[in-house]
Amino acid sequence: MTVTLRFEDGAVVVSSDGDDLNPTSLPGVERDARTGSHRAPARRYRAVRDALRDRGADVDDRVAPDARLELSLRYDLREYQEAALAAWRGNDERGVVELPTGSGKTVLALAAMAELGVPTLVVVPTVDLLEQWRRELESEFGVPVGQFGGGEQRAAALTVATYDSAYLRAEDVGGDFGLIVFDEVHHLGGEGYRDVARLFAAPARLGLTATFERPDGAHETVADLVGPVVFERDVDALSGEHLAEYDVRRIEVRLSESEREEYEREQGTFVEYVRDAGITFSSGSDYQELVYRSGNDPRAREALLAKQRAREVMMNADAKVTELERILERHRDERVIVFTAHTDLVYRLSERFLLPAITGETGAAERREILGKFRDGEYTRVVSANVLDEGVDVPDASVGVVISGTGSERQFTQRLGRLLRPGSDGEKRAVLYELVTSETAEERVADRRR
DNA sequence: TTGACTCAACATCCTTTGCTACAA
DNA sequence: TTGTAGGTTTCCATGTTGAGTCA
């Protein structure tokens with residue numbers, strides 16, 4: 001008896017020429033009533049294949065791409081990269097490696113590709129990263145690299161894709177790769193992006209991230225789709241030798257009298273509603289419930305809007321601008337990145353201190369120009385809202401100033417990571433300033449992110 | 001090829017001290 | 001007794017992204 005495996009529209013189709021096999025006994029395989037065929041989600045491909053092998057079946061496997069690639073790596077891996085690679089291989093070439101920004105996750109993935117030598121898809125969240133990876137692969141392996149996304153639709157044995165484009169092409173090319181690498185793999189927890197991992201058959205899967213855990217718990221889904229964390233090393237373990245040493249300095253500022261008055265009024269409106277409505281925030285979904293209520297309860301809506309205004313007051317306090325002036329003066333000869341949460345403030349600071357500004361409204365060309373000049377040293381400072389947190393190739397800096405941010409540990413880690421690429425002399429010491437408005441909810445927000 | 005636009009998706013958005021049901 | 005986890009649906013606003021469309 002021969003069992004045939006085929007890839008079709010994001011699924012693995014199982015057929016056999018005899019009656020000995022009950023296909024639904026295979027992992028994930030169900031009978032499709034419409035076509036009468038037996039199929040499993042593509043991600044179960046390896047489990048199905050292995051189960052058939054265990055039973056000694058003769059398998060005609062038309063899913064696995066049979067192309068073999070000769071890829072050689074010029075880099076020598078560092079000790080922790082070797083260890084991460086070994087851990088991943090030891091877990092049947094599945095799993096997530098959690099390493100800080102700047103510690104060489106890309107090199108690790110290149111090494112995995114070279115060792116496996118199978119057609120590989122690299123999935124990334126932004127077009128910026130798409131281009132970085134493509135350049136890296138081309139220069140390292142000297143082969144043409146395919147691209148899905150950013151206006152291109154070109155397949156090759158080594159291909160890079162955005163999460164969006166990978167999803168759009170999955171039914172079509174989901175069986176073409178032996179290895180799939182998810183850069184910034186925490187994105188895979190998003191409701192829509194999960195399907196990327198489901199619809200591709202690639203048996204070998206590598207996830208890369210600096211911050212695996214998600215506040216919504218969806219990292220468990222990611223672990224299910226890609227594999228568990230097989231290796232992790234945090235910033236502190238690498239700083240000094242492979243990453244710059246750093247300090248985080250929290251600076252407390254006070255609201256002005258009028259700001260305090262406004263803050264207390266708006267925050268009071270919010271707290272009062274929350275108390276009256278009996279919302280305790282004892283579970284994570286309570287805030288969500290408040291949002292639902294605001295759909296038809298005017299008081300709930302007003303409470304949320306008041307909270308929004310209170311947040312703006314505390315995050316954009318005038319005293320932070322004064323404090324920033326001092327910091328810029330103190331680090332006049334160093335490269336400084338200023339992070340905020342609101343675009344309005346970005347433009348205010350840009351005008352006041354003549355800082356080049358990057359926000360979501362900044363076009364691609366202008367963005368490239370600013371980052372290029374920052375890289376060359378023509379600009380030594382840049383101010384941005386959330387744009388530079390992730391997914392953009394940001395030139396190295398040694399001073400960061402967090403004017404405002406969310407309570408997200410991920411955002412904090414990413415911002416810190418912007419400063420940690422070691423200097424050429426190895427003597428660099430980075431500083432991240434955190435400006436926090438005292439006696440406001442921002443103190444809690446700042447505590448939460450660490 | 002580009003730029004401007006729309007659209008959908010993702011992420012964050014959280015108070016203080018208290019209720020209830022259930023498991024160890 | 002003590003400690004701990006927690007039930008609904010169609011979503012207030014802001015910032016950012018990628019894909020697609022059209023001029």
Side-chain angles (χ1 to χ4, degrees), chain A residues 123-131 147-153 161-169 184 186-196 211 214-218 267-312 314-316 339-347 358-367 384-392 404-412 414 440-449:
Chain A
V123 189
V124 303
T126 64
V127 171
D128 212 75
L129 284 172
L130 193 72
E131 278 156 15
Q147 180 174 328
F148 299 141
E152 302 257 359
Q153 292 297 327
T162 59
Y163 279 86
D164 291 82
S165 285
Y167 172 73
L168 293 172
R169 299 299 306 271
E184 310 288 3
H186 48 272
H187 285 282
L188 207 53
E191 208 66 56
Y193 287 162
R194 292 175 190 181
D195 285 336
V196 178
T211 47
R214 294 168 50 109
D216 61 2
Q267 181 77 1
T269 303
F270 176 73
V271 172
E272 195 186 334
Y273 176 81
V274 164
R275 204 175 29 231
D276 290 356
I279 295 170
T280 59
F281 294 106
S282 47
S283 85
S285 59
D286 279 9
Y287 187 82
Q288 206 53 39
E289 189 192 327
L290 182 52
V291 173
Y292 291 145
R293 282 192 197 199
S294 70
N296 49 20
D297 176 354
R299 272 198 75 205
R301 185 178 138 80
E302 182 46 41
L304 275 175
L305 292 176
K307 180 68 200 169
Q308 186 79 20
R309 289 191 291 269
R311 200 158 42 224
E312 241 163 83
M314 78 182 187
M315 284 182 157
N316 304 338
F339 301 99
T340 78
H342 293 106
T343 49
D344 287 356
L345 184 63
V346 170
Y347 294 123
I358 299 181
T359 71
E361 298 163 15
T362 312
E366 190 183 352
R367 201 178 287 196
S384 118
N386 306 317
V387 184
L388 301 185
D389 292 355
E390 187 199 292
V392 184
S404 52
T406 66
S408 149
E409 191 189 338
R410 165 164 304 123
Q411 184 186 60
F412 186 79
Q414 282 163 340
T440 65
E442 194 168 43
E443 293 181 318
R444 261 197 308 278
V445 170
D447 286 340
R448 203 163 57 224
R449 63 188 168 220

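The structure displayed is predicted, hence computed values, not measured ones. Sequence lines set the chain letters: A, B, ... in the order given, protein chains first and strands last, and positions in each chain run from 1.
Among the protein residues, A/E289 comes within range of the nucleic acid bases, having at least one heavy atom under 4.0 Å from a base atom. The residue A/G149 sits close only to the backbone: its heavy atoms come under 4.0 Å of sugar-phosphate atoms, none of a base. Residue A/L168 is classed as a sugar-phosphate contact, given heavy-atom separations below 4.0 Å to backbone atoms only. A/G407 comes within 4.0 angstrom of the backbone, heavy atoms only, and of no base. Using a 4.0 Å heavy-atom cutoff across all strands shown, A/Y163 reaches no nucleic acid atom at all.
Distances shorter than 4.0 Å separate none of the side-chain N or O atoms of A/T126 from OP1 or OP2 on C/dT17.
Going from atom CZ of A/F412 over to atom C1' of B/dT12 covers 17 Å, rounded to whole Å. Distance, A/D447 CG to B/dT16 P: 15 Å, rounded to whole Å. For the pair A/H187 NE2 and B/dA11 P, the interatomic distance rounds to 7 Å; values are reported in whole Å. Nucleotide C/dT8 holds its C1' atom 18 Å from the OH atom of A/Y287, rounded to whole Å. In this entry the distance linking CD of A/Q414 with P of C/dT16 reads 14 Å, nearest Å. A/N386 has its CG atom 21 Å from the P atom of B/dA9, to the nearest Å. The distance between atom CG of A/L345 and atom C1' of C/dG15, rounded to the nearest whole Å, is 14 Å. Between the C1' atom of C/dG18 and the CZ atom of A/F148 lies a distance of 16 Å, rounded to the nearest Å.
Under the side-chain hydrogen bond (donor to acceptor under 3.5 Å, both in side chains) criterion, A/Q308 pairs with A/R311, sequence neighbours left out. Residues forming a salt bridge (Lys or Arg N to Asp or Glu O under 4.0 Å) with A/R301 (at least two apart in sequence, or on another chain): none.
Nucleotides B/dC19 and C/dT10 are separated by 28 Å at their C1' atoms, to the nearest Å. Rounded to a whole angstrom, the distance from the P atom of B/dT15 to that of C/dT8 is 25 Å.
Note on ring orientation: taking the six-membered ring where Trp is involved, the planes of A/H187 and A/Y193 are perpendicular (angle over 60°, cut-offs 30° and 60°).
No hydrogens or angles were tested; on distance alone, nothing pairs the side chain of A/Y292 with the base of C/dT8 as donor and acceptor under 3.5 Å.
The structure places NE2 of A/H342 at 9.0 Å from CG of A/N386, a figure rounded to the nearest 0.5 Å.
A/S404 places a side-chain N or O within donor-acceptor distance of the main-chain N or O of A/A341, the cut-off being under 3.5 Å.
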For nucleotides 21-23 of chain C, which of its nitrogen or oxygen atoms have a protein nitrogen or oxygen under 3.5 Å away, and what is each distance?
none

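Nearest-nucleotide assignment on DNA chain B puts the 5′-proximal partner with A/Y193, out of A/Y193 and A/V291. Nearest-nucleotide mapping onto DNA chain B: of A/P215 and A/R444, the residue sitting toward the 5' end is A/P215.
Test A/V127, A/D128, A/L129 against A/E131 for side chain to side chain contact (heavy atoms under 4.5 Å, CB included) and you get one pass: A/V127. Put simply, the residue from A/Q414, A/Q411, A/R410 that forms a side chain to side chain donor-acceptor pair (under 3.5 Å) with A/T211 is A/R410.
Pairing for B/dT1 is absent, judged as Watson-Crick or G-U wobble with the two contacts each under 3.5 Å.
Comment: A/E302 engages A/R309 in a salt bridge, judged by a side-chain N to carboxylate O separation of less than 4.0 angstrom.
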